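Presented below is the structure to which this report refers.
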Amino acid sequence: MDLSKLNPPQREAVVTLQGPLLVLAGAGSGKTRVITHRIVHLLNERPGHLMARNILAVTFTNKAATEMKERLVHMAGPRAQGVLVCTFHAFGAEVLREDIHRLGWPKKFAIADMGDQLANIRRAMREHKIDDRAFDARKVLTLISKAKNSGQVPQPKPEGIGDDYDLITHLVYPDYQLALKAQGSVDFDDLLLLPTRLLREFPDLYAKYTQRFRYLLVDEFQDTNIAQLELLKLLAGQQRNVCAVGDDDQCIYSWRGAEVRNILDFDRFFPGGKEVRLEQNYRSVQMVLDAANAVIAKNPERKAKQMWTDRKGGPRVKVVSCPNDEEEARFVAHEIQKHMSLGVPADEIAVLYRTNGQAHPVEEMLREKNIPYEVVGGSEFFDRREVKDVIAYFKVIVNKLDEISLLRIVNVPSRGIGDVTMERLAVHARGEGVTLWTVMRKAGDYEDLPPGAGGKVLEFVEMIERYRAAYEHGQLATATRKLLEEIGFAEATRAHATSSTIADKKLKSVDMVINSLENFEKREGPKASLLTYLNRLSLDTRQEEEEVPGGHRRVTLMTVHASKGLEYRLVFFIGMEEDLMPHGGMQGEPQNIEEERRLCYVGITRAKELLYLTRTNVRTKRGKEVPRTPSRFLEDLPEEVVEKMDLEAPRQGPPTTEEKNFFANLKERFKKPPPGGSAGPTPGRSGGAAG
Ligand SMILES: Nc1ncnc2c1ncn2[C@@H]1O[C@H](COP(=O)(O)OP(=O)(O)OP(=O)(O)O)[C@@H](O)[C@H]1O
Ligand SMILES: [Mg+2]
């Protein structure tokens, strides 16, 4: 590897191999690049006969992990295959796959999704006689998750001060945990907490993992939570070869438990290490960088950073006022079309927004103009009812303890097994102290079931067991087609849908599940199992894409949260208004204005060459027109970096000479991504909730 492609502080970070190392630096300064180069350097130097499998690199999203792995293989050849690159959660799942039985879970544990979690919480609430319509189970789940991520058991606040939710959470939490375990499941937070327990409680496992992972690297360290830090500290062992890179100005997940102190107090958690600062920004032109710096400078309590770029000038940041959201979308689509005709590839263009709901108008306009695009995350594909049903079948087939999924599908499509039957069976299960599945297998023995119900339950059980065996032989897609055929899924869907178009849409979603199984089998080869498929799904809820013409080169639409770490030549940051950016501004002051500001900074710093900040005067909300106020962040932009445009008096027509020249110059330079660069241009879905 050519170390001359790094600047001196980057090089220092790459070649300092022993002990803790923190790289704290602003956006686009090459932090991710330091990680990839450091790994390649490790593979070359092989300190202490190091092997690729001794290296663990942790990224924030699955997509980032895949990209980093590809880049490593590109840079270092096939030997890089052995490096484990994944998110903290995927890493936890891997550890649990091998050793969770030590804690009393079945080896084939399942990962509960949000639906499973909420169902368990509602059930526990009902058992405590708490009305699950009066109290929001989601809120309880958030509180449980917060407590778990900060390494605590939820406790009600001292008497008199705590509110109802604290108390409910405290009551429900133990039942929730027990239920998950009884179902052979873990939740997302357990993917961090249980591995930590394994390393703490079993010295042999501590030895196994600390000996295996001799070098640890963590990207986006500012958005790690306490549970992740704990796991990292344990994994670091005595050698403490931990390299963390991040930017405190980009901590944007504190609402989900990210703890910026992890990076600010790195030296306290890993004493005696080295800290490297990077100051040159290689991503953005001066105009964009100036805008970003001006916005973030207003945050108090940040580690001040000097950032400079030698990409002087560049076109000014375009601040565009639009009469309404439709016009905003039309403008964005029009500009995208214009730049594409100037030679900017679609996958170098991104549209960013604060909330998923803002994507729809833009999508419509892009479709109208036949511009290929993809929406990252935000799709409720796996929330669609029919998709959930099919997945629930998979879950039951893999794990008979999964009662939540079992109850979901036992009568879907309807097969004459009603609520009364299942309630009675549940009573028997509780009475005998066995699982629901166990009593279902002998449903014929119970006399209190409605007439004929016992036989139907037995038929269902027989079928599931038959498929359990069938899926053992791989051929997942084929088995699924058979299963759906046998249960009459298509007919039932048609019979229940209000129109044939809706039925077609639903069945198409199911086809997409089968497609994704097929792709999975192709990727994994003979070792593809339904269980690993399900685990992949829970770790990477990437939207299954609908067919879009235009192949891989597409414009990307995503939330600012999902855009972390990525870069595009052209960025449209839409909805720069109070109440959106910052979210919850105006009427209710934003809960965390500093975090909103960081989010704004993250969005701006995705742009390499040209940035559009758009806003509307009026936005349609549930059919009503709501007047809008410009974002306070727009006021922070220095006048000399901004070009204002008002669409009430639209500036139509061909690109300005300024733009033309700029792109002509850059066309050559950006034909290929610079070798060894790090942030790939085509993002998928953030682990969003994952990571
Ligand atoms: N020394 C360098 N020479 C040339 N290009 C560089 C250098 N360092 C980084 N780059 C390029 O700068 C861009 C930004 O780098 P990178 O994505 O690693 O930054 P980052 O600090 O991780 O940003 P973020 O904070 O947004 O994650 C990439 O295109 C990368 O290839
Ligand atoms: Mg990065």
Side-chain angles (χ1 to χ4, degrees), residues 1-15 22-41 57-61 63-65 67-68 70-72 74-75 85 87 217-224 243-253 263 276-285 288-289 292-293 296 303 305 307-311 347-348 350 352 560-569 571 598-609 611 666 669-683 686 691:
M1 183 186 52
D2 192 356
L3 287 176
S4 71
K5 289 197 179 122
L6 301 169
N7 65 31
Q10 286 178 329
R11 207 173 307 141
E12 186 188 358
V14 165
V15 302
L22 173 67
V23 179
L24 190 134
S29 59
K31 297 182 296 296
T32 305
R33 189 183 174 100
V34 162
I35 292 213
T36 47
H37 281 68
R38 189 174 156 91
I39 294 173
V40 175
H41 187 65
V58 184
T59 55
F60 195 72
T61 64
K63 179 73 182 170
E67 272 169 14
M68 186 177 286
E70 279 166 8
R71 193 158 288 277
L72 287 174
H74 176 79
M75 288 167 74
V85 187
T87 64
L217 303 98
V218 187
D219 200 358
E220 307 276 2
F221 193 68
Q222 76 281 356
D223 273 324
T224 51
C243 166
V245 315
D247 177 6
D248 53 320
D249 287 332
Q250 293 184 68
C251 177
I252 54 175
Y253 280 91
I263 194 164
V276 172
R277 298 292 188 98
L278 310 175
E279 293 180 343
Q280 181 169 1
N281 174 301
Y282 289 90
R283 177 179 294 149
S284 310
V285 295
V288 170
L289 194 60
N293 283 339
I296 199 64
K303 284 210 181 181
K305 278 170 228 124
M307 289 287 273
W308 61 277
T309 173
D310 62 8
R311 302 181 61 193
D347 59 358
E348 277 285 4
L352 308 182
V560 197
H561 277 105
S563 74
K564 236 164 78 130
L566 303 172
E567 55 187 22
Y568 300 86
R569 283 168 65 179
V571 169
R598 291 193 291 266
L599 203 49
C600 185
Y601 171 76
V602 169
I604 292 176
T605 51
R606 299 309 99 198
K608 294 198 255 186
E609 290 150 27
L611 173 68
L666 285 166
R669 210 171 131 191
F670 279 89
K671 248 182 196 153
K672 275 190 242 135
S678 46
T682 30
S686 86

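Counting from 1, the numbers follow the sequence of the chain as shown. Order of appearance sets the numbers: ligands from 1, and atoms from 1 within every ligand. Computed from a predicted structure; not experimentally measured. Just so it is clear, the values below take in all heavy atoms, side chains as well, and ignore hydrogens, waters and symmetry mates.
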Can a donor-acceptor pair be found, under 3.5 Å and without considering hydrogens, that links the side chain of H561 to the backbone of Y253? no
A27 N/O under 3.5 Å from ligand 1 N/O: no
State whether the shortest distance between N or O atoms of G28 and N or O atoms of ligand 1 falls below 3.5 angstrom.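 Such a contact does occur with ligand 1.
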Check each atom of ligand 1 against the heavy atoms of G26 and keep those under 4.0 Å away; list them by number with element.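 In order of numbering, the contacting atoms are 21 (O).
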Ionic contact status for K564 with D223, cut-off 4.0 Å: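 Yes, charged N to carboxylate O under 4.0 Å.
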Strictly below 4.0 Å, N to O, side chains only: are K305 and D249 in salt-bridge contact?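 A salt bridge links K305 with D249.
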Consider only side-chain N and O atoms of Y282 and N7, and report whether a donor and an acceptor are under 3.5 Å apart.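 Yes, N7 and Y282 have a side-chain donor paired with an acceptor closer than 3.5 Å.
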To which of E567, K564, K31, R606 does the heavy atom nearest atom 26 (O) of ligand 1 belong? R606
